[in-house]
Enquirer: 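Quick one: structure below, then a few questions.
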Amino acid sequence: MTDQAMDWQELTNLTRGQPFVVERVRLAGSGVAIEGEFELPQLAQLNVEDQVFVTAFMRCHGSIKEMERIFGVSYPTIKSRLKRITQMLDFVETDPAPSPTDVIDRLRRGEITAQQALSELEHRT
């Protein structure tokens with residue numbers, strides 16, 4: 001296990017799962033430090049067991065069958081845990097709907113027809 005992983009586990013043990021705020025970040029090797037209030041990345045906010053589970057899932061390339069073997073549990077148990085962890089994470093929209101302003105701008109530039117613009121505006125989520 002790397003020193004960084006050990007440090008992270010020590011921090012998790014120290015906080016006992018309680019929320020905490022990071023107020024100082026230092027760039028390794030440069031001596032530059034930034035102070036403020038920083039939110040931890042979502043994966044770092046998971047408890048240690050869930051972090052291990054996500055890491056194992058990534059290492060076995062998302063193979064639920066391999067996860068069953070590693071953890072010695074059934075398919076429904078793996079799926080249930082994945083669903084629970086997924087609900088704790090926000091996902092970045094990779095193909096967001098265009099804003100009304102973007103649609104109108106594209107219409108003005110002649111990139112889309114009025115019908116296409118209406119369709120895009122009606123199907124926004």
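Bear in mind that the values here come from a model prediction, so they are computed numbers and not experimental data. Residue numbers run from 1 in the order of the sequence given.
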Enquirer: Under 4.5 Å between any side-chain heavy atoms of P98 and R106, yes or no?
Expert: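 A side-chain contact exists here, since the closest heavy-atom pair is under 4.5 Å.
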Enquirer: So how far is it from D102 CG to E111 CD, rounded to the nearest 0.5 Å?
Expert: 10.5 Å
Enquirer: To check you understand the geometry: which heavy-atom pair defines the closest contact between Q42 and L89, and what is its length?
Expert: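 Shortest heavy-atom contact: OE1-CA, 3.2 Å.
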Enquirer: Take a 6.0 Å sphere around CZ of R59 and say whether it holds more than 12 heavy atoms from other residues, nucleotides or ligands.
Expert: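 Counting other residues, nucleotides and ligands, CZ of R59 stays at 12 neighbours or fewer.
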Enquirer: Is L118 linked to I112 within one hydrophobic cluster, defined over Ile, Leu, Val, Met, Phe, Trp and Tyr using a side-chain heavy-atom separation of less than 4.5 Å?
Expert: no
Enquirer: Could you grab the distance from atom OG of S99 to atom CG of D105, nearest 0.5 Å is fine?
Expert: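 If I round to the nearest 0.5 Å, the distance is 7.5 Å.
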Enquirer: Any donor and acceptor pair, going by atom type alone, linking the side chain of S119 with main-chain N or O of Q115 inside 3.5 Å?
Expert: no
Enquirer: Using every non-hydrogen atom in the two residues, find where E120 and V103 come nearest and quote the distance to one decimal.
Expert: OE1-CG2, 3.5 Å
Enquirer: Atom CZ in F71, atom OG1 in T77: separation rounded to 0.5 Å?
Expert: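 Here the interatomic distance stands at 12.0 Å.
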Enquirer: Decide yes or no for D50 and R81: does some side-chain heavy atom of the first lie under 4.5 Å from some side-chain heavy atom of the second?
Expert: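 The answer is yes, as the side chains (C-beta and beyond) meet within the 4.5 Å cut-off.
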Enquirer: Q51 and A44: which non-hydrogen atoms are nearest, and at how many Å?
Expert: NE2-O, 3.2 Å
Enquirer: With hydrophobic residues grouped by side-chain heavy-atom distances under 4.5 Å, do V73 and M67 end up in a single group?
Expert: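 As far as the 4.5 Å side-chain criterion goes, M67 and V73 are connected within one cluster.
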Enquirer: Where the side chain of T86 meets the backbone of L82, is there a donor-acceptor pair that is under 3.5 Å apart?
Expert: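 Yes, because the side chain of T86 sits within donor-acceptor range (under 3.5 Å) of the backbone of L82.
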Enquirer: Atom CZ of residue position R108 - does it have more than 12 heavy atoms of other residues, nucleotides or ligands inside 6.0 Å?
Expert: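 At most 12 heavy atoms, drawn from other residues, nucleotides or ligands, come within 6.0 Å of this atom.
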Enquirer: Side chains of residues 28-39: which donor-acceptor partners sit under 3.5 Å, not counting sequence neighbours?
Expert:
{"unit_1": "S30", "atom_1": "OG", "unit_2": "L27", "atom_2": "O", "d": "3.3"}
{"unit_1": "S30", "atom_1": "OG", "unit_2": "V32", "atom_2": "N", "d": "3.2"}
{"unit_1": "E35", "atom_1": "OE2", "unit_2": "R24", "atom_2": "NE", "d": "3.4"}

